[in-house]
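Whatever order the structure lists ligands and atoms in, that order sets their numbers, starting from 1. Note that the structure is predicted; figures quoted are calculated from it, not measured.
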Amino acid sequence: MDIGVLTVVSVVLAAVAVHAGWRAVQHWDDDGGRALRMWWTGALVVLAVVAVGFEVGHHQRQRLATEAMTVLTDNPDARANCERLTESLFNLSQYDGYVYRDNPDVALYRRHVCRNLASYAASNKRDPSLEQVAAVHLIAHETMHVEGVWVEAEAECRAVQLSHLVAEQLGATPAQARELQATYFAELYPLNRSDYISGECRAGGALDIFPDRTEFP
Ligand SMILES: [Zn+2]
């Protein structure tokens, strides 16, 4: 169960709003302070609706990321954990995604990754931003860790060759998915840290997982 600060805030605000509304109705005949009670109830309802909206958005993005991972793993426990706003304020990590070896079913994603993934899923997929391309690719990369591939260059190269399946899962056509994959390999792969890059990540290289196909990746 994913409970964050906002979950608690949402529940408390909703409860306080209901209570205020109930009091406003109970004291309806009491003219003194009726307007204030109504105003107070309205303000609480608005705050509660906003808080619940943000909370639901978090869970929707997290579920979308989990579903995107399922195309690359048979592990039924594989799931995404999207960073919450409160967590992001204290996260100084340089990584956009991470899988801990002692909790290998769960891929942790920075807040902007899940947001970019969701914006890609909601888009027409014709001209994704590089941030969206990177987010789709990162799902594939972290899922390789969930699958037990821990050498970064190997996980990265496998992800390079499989990321189109993630894009398709998010609604891209096969052609759009292949284009996203090619964009990542041409524009973002070379910018990786050196231990994520391998000269064997090429057609016919040691990290080529589909040696029979003609075009890489
Ligand atoms: Zn990695």
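Angle subtended at the Zn ion (ligand 1) by H141 NE2 and H145 NE2: 100°, rounded to 10 degrees.
Below 30°, between 30° and 60°, or above 60°: for H145 and W150 the angle between ring planes is below 30°, a parallel geometry. Ring pair Y196/H141 is parallel by interplanar angle, where below 30° counts as parallel and above 60° as perpendicular.
Among heteroatoms of the N, O or S kind in E152, OE1 lies nearest the Zn ion (ligand 1).
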What verdict does the salt bridge (Lys or Arg N to Asp or Glu O under 4.0 Å) test give for R158 and E156, after you've listed the backbone C-alpha separation in whole Å, the side-chain angles of each residue and the deciding distance to 0.1 Å? CA-CA 6 Å; R158 291 182 79 88; E156 177 67 358; over 6 Å; no
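Metal site remark for the Zn ion (ligand 1): E142 contributes no N, O or S atom at a distance under 2.8 Å.
In this structure, R84 pairs ionically with E55, as a charged nitrogen and a carboxylate oxygen lie closer than 4.0 Å.
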